[in-house]
Amino acid sequence: MADLPLIRAGRGSIFAYRHGRALGVDQYLRDVRRLAAQLPARCYALNACADRYAFAVAFGAALVRGQSSLLPPNHTPDLLAKLQASYPDQYCLCDTDVRHPGLDTVVVPLETPPDGASEAVPAIPESHVAAIVFTSGSTGAPTEHFKRWGSLVRSALGEAERLGFGAGAGWTLLGTVQPQHMYGFESTVLIAMQGALALHAGRPFFPADVCAELEALPRPRALVTTPVHLAALLGEPAAPPAADFLLCATAPLAPQLAAQAEARFAAPLHEIYGCTEAGQLASRRTVKTPDWQPLPGVVLRKDAKGTWASGGHIAGDVLLGDVIDVHADGGFRLHGRTSDLVNIAGKRTSLAHLNYHLNSIDGVRDGAFVMPDEQEAGVTRLIAFVVAPGLTRADVMKALRSRIDAAFLPRPLMLVDALPRNETGKLPRVAIEDLIRVATKAE
């Protein structure tokens, strides 16, 4: 096994933009070296940094000390307590003074002044477990997955190659997704470290803030976002600043939304498909084709159990939780989660297909079909929750009748003010169960 560099950018390159200032590679390496010297002798570091640059410094310092970074999807007391039980030899790295009960905390120091010391690029064993990532909880309790440094490096290099982010081109990435999420981790942090790109340290939330931060960045610049955040941006009347690339993931993106985004931002939009278990697997330009092309070296194959991914950055064979048709040329078409398949009166579809049509209705801002765990007398009864100010239930149902088979019409359809999506736009299963209880009582 070889040792692979922590970062691949040239010494004079810019690594990050933070609070309007450009921070170079040497600055990043100084901050990593200073923090690494302060870390306790533990096995696991809970990286709770919200600032993306601080996250990258904390991640790098933990690697230098031979530690593994814990990247849970949230920091709720319940999940943190479970993490402490599973990984008692852990501490927390944070960029604020927030403390989690029972966890020793180190506040990440930033922008270390030059001290004359050599800023050699650390090399990390590719077999080292660099991160332990967790599923989002959208299909149940979060589960852990171990990511070795070599796999993460190959994944980042493959993504940079596929998307055309050539080294030395000066690309800057602005992300709206948190770095602890697998998509944000790969597409805003790792790709910057290994692809010689610059990351934006912040994570703006409101559309006006996203536009202001994007416009302040030098070009070429890319916006790394999610369908939920993208829809909010496009819902604003003001024209967004020009971008040079749009990247989207975490949920299927409607083709009409992709086309609108390309027109408004004057940039091509690509989607990433992946999962926490295997990381990113494929990409597509949504307005051009519904089919996906695997990242370099990645191969998909089918057997009686389902679809497997292997090769490239993937360690071993990973069984995917999606319904996939693999083409002879290696590309594939995605039909939704295996757990989302619906069979009613002998007719089959997926929740992803139904959600696509629901969210295509004019006036619908957000919506989701859900299937209760318990069915009445063995009969499947779908429920739909819709955010559609200005529309009535009858309006939405009329539109759905023209789009989907009557067997899949929701009973009931509930109009709500908002859906309880998490920071990456997903609906955790516990939140769905709360919605179902409300809908059941309302009947």
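Nothing here was measured: the structure is a model prediction, and the numbers come from that model.
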Could you state the interatomic distance from [atom1] ([X]) to [atom2] ([Y]), rounded to the nearest 0.5 Å?
X    : Y    : atom1 : atom2 : answer
L269 : T286 : CG    : OG1   : 5.5 Å
Y91  : C43  : OH    : SG    : 10.5 Å
C92  : N47  : SG    : CG    : 8.0 Å
F185 : L152 : CZ    : CG    : 5.0 Å
S69  : L93  : OG    : CG    : 7.0 Å

Show which side-chain atoms of residues 357-364 pair as donor or acceptor with protein atoms under 3.5 Å away, not counting sequence neighbours.
{"unit_1": "H357", "atom_1": "NE2", "unit_2": "H353", "atom_2": "NE2", "d": "3.4"}
{"unit_1": "N359", "atom_1": "OD1", "unit_2": "G367", "atom_2": "N", "d": "3.1"}
{"unit_1": "N359", "atom_1": "ND2", "unit_2": "N355", "atom_2": "O", "d": "2.8"}
{"unit_1": "N359", "atom_1": "ND2", "unit_2": "G367", "atom_2": "O", "d": "3.1"}
{"unit_1": "S360", "atom_1": "OG", "unit_2": "Q256", "atom_2": "NE2", "d": "2.9"}
{"unit_1": "S360", "atom_1": "OG", "unit_2": "Y356", "atom_2": "O", "d": "2.7"}

Is there side-chain contact between [X] and [Y], with at least one heavy-atom pair below 4.5 Å?
X    : Y    : value
L320 : L281 : yes
L103 : Q90  : yes
V224 : L246 : no
P204 : L174 : yes
P218 : T172 : yes
P73  : H181 : no
L83  : L46  : yes
V133 : F146 : no

side-chain hydrogen bond (donor to acceptor under 3.5 Å, both in side chains) with R154: of Q194, E126, H313, only one passes, and it is E126
[X] (side chain) donor-acceptor with [Y] (main chain) under 3.5 angstrom:
X    : Y    : value
Q180 : L70  : no
T188 : G184 : yes
D322 : I324 : no
Y183 : T225 : yes
H200 : G202 : yes
R21  : Y17  : no
Y44  : I132 : no
H128 : Q67  : yes
T307 : K302 : no
Q84  : G102 : yes

Check: Which class fits the ring pair W149 and F59: parallel under 30°, tilted 30 to 60°, perpendicular over 60°?
Finding: tilted
side-chain contact (heavy atoms from CB on, under 4.5 Å) with L354: of T349, L409, V370, only one passes, and it is T349
Q.
Let's go through R8 and L157 carefully: what are the C-alpha distance in whole Å and the side-chain angles of both, what is the deciding distance for side-chain contact (heavy atoms from CB on, under 4.5 Å) to 0.1 Å, and is it a yes or a no?
A. CA-CA 10 Å; R8 292 177 186 265; L157 293 174; 4.0 Å; yes
Could you note down all residue pairs passing salt bridge (charged side-chain N to carboxylate O under 4.0 Å, His left out) where [range] supplies at least one of them, sequence neighbours left out?
range            : answer
residues 252-272 : E262-R285, E271-R284
residues 190-203 : R203-E423
residues 216-235 : R219-D244
residues 48-59   : R18-D51

**Asked** Does the ring centre of F369 sit less than 6.0 Å away from the ring centre of F408?
**Response** no
>> Please confirm whether the ring centroid of F134 lies under 6.0 Å from the ring centroid of H145.
In response: no
Provide the closest heavy-atom pair for [X] versus [Y] in the form atom of the first, atom of the second, distance.
X    : Y    : answer
A249 : P227 : O-CD, 3.2 Å
E215 : P241 : CB-CB, 3.8 Å
P410 : P412 : CB-O, 3.6 Å
A45  : A62  : CB-CB, 4.3 Å
L247 : I272 : CD1-CG1, 3.6 Å
I344 : A407 : CD1-O, 3.5 Å

- Message: If you apply the rule side chain to side chain donor-acceptor pair (under 3.5 Å), what do you find for R148 with S127, and how did you get there?
- Response: CA-CA 6 Å; R148 298 187 184 276; S127 61; 5.4 Å; no
### Message
Run the side-chain contact (heavy atoms from CB on, under 4.5 Å) test on L80 and N74 for me, step by step, so that the C-alpha distance in whole Å, both residues' side-chain angles and the decisive distance to 0.1 Å come before the verdict.
### Response
CA-CA 8 Å; L80 291 181; N74 59 66; over 6 Å; no
Do [X] and [Y] pair up side chain to side chain, a donor and an acceptor below 3.5 Å, judged on atom types alone?
X    : Y   : answer
D95  : Y53 : no
E144 : Y87 : yes
D78  : T76 : no

Contacts of D104 meeting salt bridge (Lys or Arg N to Asp or Glu O under 4.0 Å) (sequence neighbours excluded), chain-then-number -> R42
Checking C49 against V108 for the side-chain contact (heavy atoms from CB on, under 4.5 Å) test, could you report, in this order, the C-alpha distance in whole Å, the side-chain angles of both residues, the deciding distance, and whether it holds?
CA-CA 8 Å; C49 296; V108 177; 3.7 Å; yes
(message) If you count heavy atoms of other groups shown closer than 6.0 angstrom to NZ of K398, is the number above 12?
(response) no
Q. Is atom CZ of F205 surrounded by more than 12 heavy atoms (other residues, nucleotides or ligands) closer than 6.0 Å?
A. no
- Message: Salt bridge check, R301 against D303: does any charged N sit closer than 4.0 Å to a carboxylate O?
- Response: yes
inquiry  = Using a strict threshold of under 4.0 Å (side-chain N to carboxylate O), is an ion pair present between D291 and R333?
reply    = yes
Exercise for the section: For F55 and Q178, run side-chain contact (heavy atoms from CB on, under 4.5 Å): C-alpha distance rounded to whole Å, both residues' side-chain angles, the deciding distance at 0.1 Å, then the answer. Expected result: CA-CA 10 Å; F55 176 94; Q178 64 182 6; over 6 Å; no
F332 and Y273: CA distance, side-chain angles, deciding distance, ring-ring contact (aromatic ring centres under 6.0 Å, His included) verdict = CA-CA 11 Å; F332 62 92; Y273 163 67; 5.6 Å; yes
